[in-house]
Amino acid sequence: MRSSTQQKWSAMDSREAEDRSLQSESVRSRNEIIPEVKNPRLSLWDVVYALNMAIACLITYWIMTHTLSRFVDEPSDFLGGMWAVVATVFVFRETRRQSLSAGIARLIATCVSFALCLLYLLLFPFTPVGMAALIAIGTVVIALLGRRDEIVTVGITTAVVMVVAAMSPADAWQQPLLRLADTLVGVAVGVACKWVGSFLFDKFLGEQVS
């Protein structure tokens, strides 16, 4: 009788331990998917970082809209400004080294997309199947280059270029060239402003930012 009772208690303890283990594992898995934010605090650097990025985006948009307005129509002008600002935001990272690395990654992805889209649009008109094929080819190319982290950027850039080309079929082949120019300006301004902002913050406030 005593042995039977002990076995029951042992089985119950085992089940409870298993349940606790499963709950703990579930919490860990959830935290991996949605990282827990602990005591977020706004620092002076956060404010400077936000202002620096805003100024960089404003400069980028002004350069692109005033430059493109001489060569393209108004919708393309606005699109160029938007795409350049997207590139600026993309390269704005926490440190100067990360910003430069992001800029290089964006340029590689854009160049792959640029080459594929330009070749396609010089030969064929836009089709949804053609766009999908270019996204697939771009994914393979960027994977072969060992830059798998840029697969998403290549896909997004290709989709934007091809859809805009569909909206302007008469000048479709120009779209890869324009988006490459937008990206080059956006990356250059973004990286430059990030480096200048970090340097000035280090110099005048005496706080080291990598």
Side-chain angles (χ1 to χ4, degrees), residues 32-34 53-54 56-93 98-194:
E32 288 176 359
I33 298 172
I34 307 175
M53 181 164 63
C57 291
L58 182 61
I59 293 172
T60 299
Y61 187 82
W62 185 86
I63 290 174
M64 292 312 302
T65 53
H66 281 71
T67 301
L68 288 179
S69 61
R70 304 174 185 176
F71 308 103
V72 299
D73 55 16
E74 189 173 9
S76 296
D77 184 14
F78 288 135
L79 177 62
M82 180 204 71
W83 194 245
V85 168
V86 168
T88 298
V89 173
F90 181 87
V91 302
F92 240 81
R93 303 300 170 92
Q98 290 174 349
S99 184
L100 181 60
S101 177
I104 293 172
R106 183 60 189 262
L107 287 177
I108 292 173
T110 301
C111 286
V112 170
S113 178
F114 158 78
L116 293 174
C117 291
L118 181 62
L119 180 61
Y120 178 92
L121 293 171
L122 284 173
L123 299 174
F124 310 105
F126 167 85
T127 63
V129 174
M131 178 184 68
L134 288 182
I135 291 174
I137 295 170
T139 300
V140 172
V141 170
I142 210 74
L144 289 173
L145 292 175
R147 311 282 305 193
R148 291 180 178 272
D149 290 343
E150 279 74 72
I151 287 176
V152 172
T153 306
V154 171
I156 292 173
T157 304
T158 301
V160 170
V161 169
M162 293 298 288
V163 171
V164 174
M167 296 167 60
S168 305
D171 302 317
W173 64 272
Q174 295 180 4
Q175 295 306 317
L177 296 170
L178 292 173
R179 300 297 75 82
L180 178 61
D182 300 337
T183 302
L184 288 172
V185 172
V187 168
V189 173
V191 172
C193 286
K194 177 64 182 69

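Just so it is clear, the values below take in all heavy atoms, side chains as well, and ignore hydrogens, waters and symmetry mates.
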Discussion item. Ignoring hydrogens, what is the shortest heavy-atom contact between Trp173 and Leu177? Give both atom names and the distance.
Written reply: CZ3-CD1, 3.5 Å
Discussion item. So, using side chain to side chain contact (heavy atoms under 4.5 Å, CB included) as the criterion, who are the partners of Leu180 when residues are at least two apart?
Written reply: Thr110, Cys111, Phe114, Leu184
Practice prompt. For residues Val185 and Trp83, determine if any side-chain heavy atom of one lies less than 4.5 Å from a side-chain heavy atom of the other.
Written response: no
Discussion item. As an exercise, state the distance from CE of Met64 to CG of Asp182, rounded to the nearest 0.5 Å.
Written reply: 4.0 Å
Practice prompt. Rounded to the nearest 0.5 Å, what's the gap from CZ on Arg179 to SG on Cys117? Could you check?
Written response: 11.0 Å
Item to complete: Take Thr127 and Tyr120, measure what side-chain contact (heavy atoms from CB on, under 4.5 Å) needs, and give me the verdict at the end.
Response: CA-CA 11 Å; Thr127 63; Tyr120 178 92; 3.2 Å; yes
Response to the item:
Minimal heavy-atom distance between Cys193 and Ile59, with the atoms involved, is SG-CD1, 4.2 Å
Item to complete: Determine the minimum heavy-atom distance between Cys57 and Val89, stating which atoms define it.
Response: SG-CG2, 3.5 Å
Worksheet item: Can you find a pair of side-chain heavy atoms, one from Met131 and one from Val163, that are under 4.5 Å apart?
Response: yes
Discussion item. Between Arg147 and Thr153, is there a side-chain heavy-atom distance shorter than 4.5 Å?
Written reply: no
Worksheet entry | Close side-chain approach of Val164 and Leu79, heavy atoms under 4.5 Å | yes
Worksheet item: Looking at Ala56 and Thr88, what are the two nearest heavy atoms and their distance?
Response: CB-CG2, 3.8 Å
Worksheet item: Which value, rounded to the nearest 0.5 Å, describes the distance between Glu150 atom CD and Thr139 atom OG1?
Response: 12.0 Å
Worksheet entry | Pair Val112-Leu145, side-chain contact (heavy atoms from CB on, under 4.5 Å): steps then yes or no | CA-CA 10 Å; Val112 170; Leu145 292 175; 4.1 Å; yes
Worksheet item: How far apart are the closest heavy atoms of Leu121 and Ala172, and which atoms are they?
Response: CD1-O, 3.3 Å
Worksheet item: Which pair of heavy atoms, one from Thr157 and one from Ser113, lies closest together, and at what distance?
Response: CG2-OG, 3.5 Å
Discussion item. Would you compute the distance between atom CD of Gln98 and atom CZ of Phe92 and round it to the nearest 0.5 angstrom?
Written reply: 13.0 Å
Item to complete: I would like to know whether Met162 and Leu116 meet side-chain contact (heavy atoms from CB on, under 4.5 Å); could you show each step before the answer?
Response: CA-CA 10 Å; Met162 293 298 288; Leu116 293 174; over 6 Å; no
Item to complete: Could you grab the distance from atom CG of Leu100 to atom CD1 of Ile104, nearest 0.5 Å is fine?
Response: 4.5 Å
Worksheet item: With side chains defined as the heavy atoms from C-beta onward, is the minimum distance between Ile142 and Ile108 less than 4.5 Å?
Response: yes
Response to the item:
Those residues at least two apart in sequence (or on a different chain) that pass salt bridge (Lys or Arg N to Asp or Glu O under 4.0 Å) with Arg93 are none
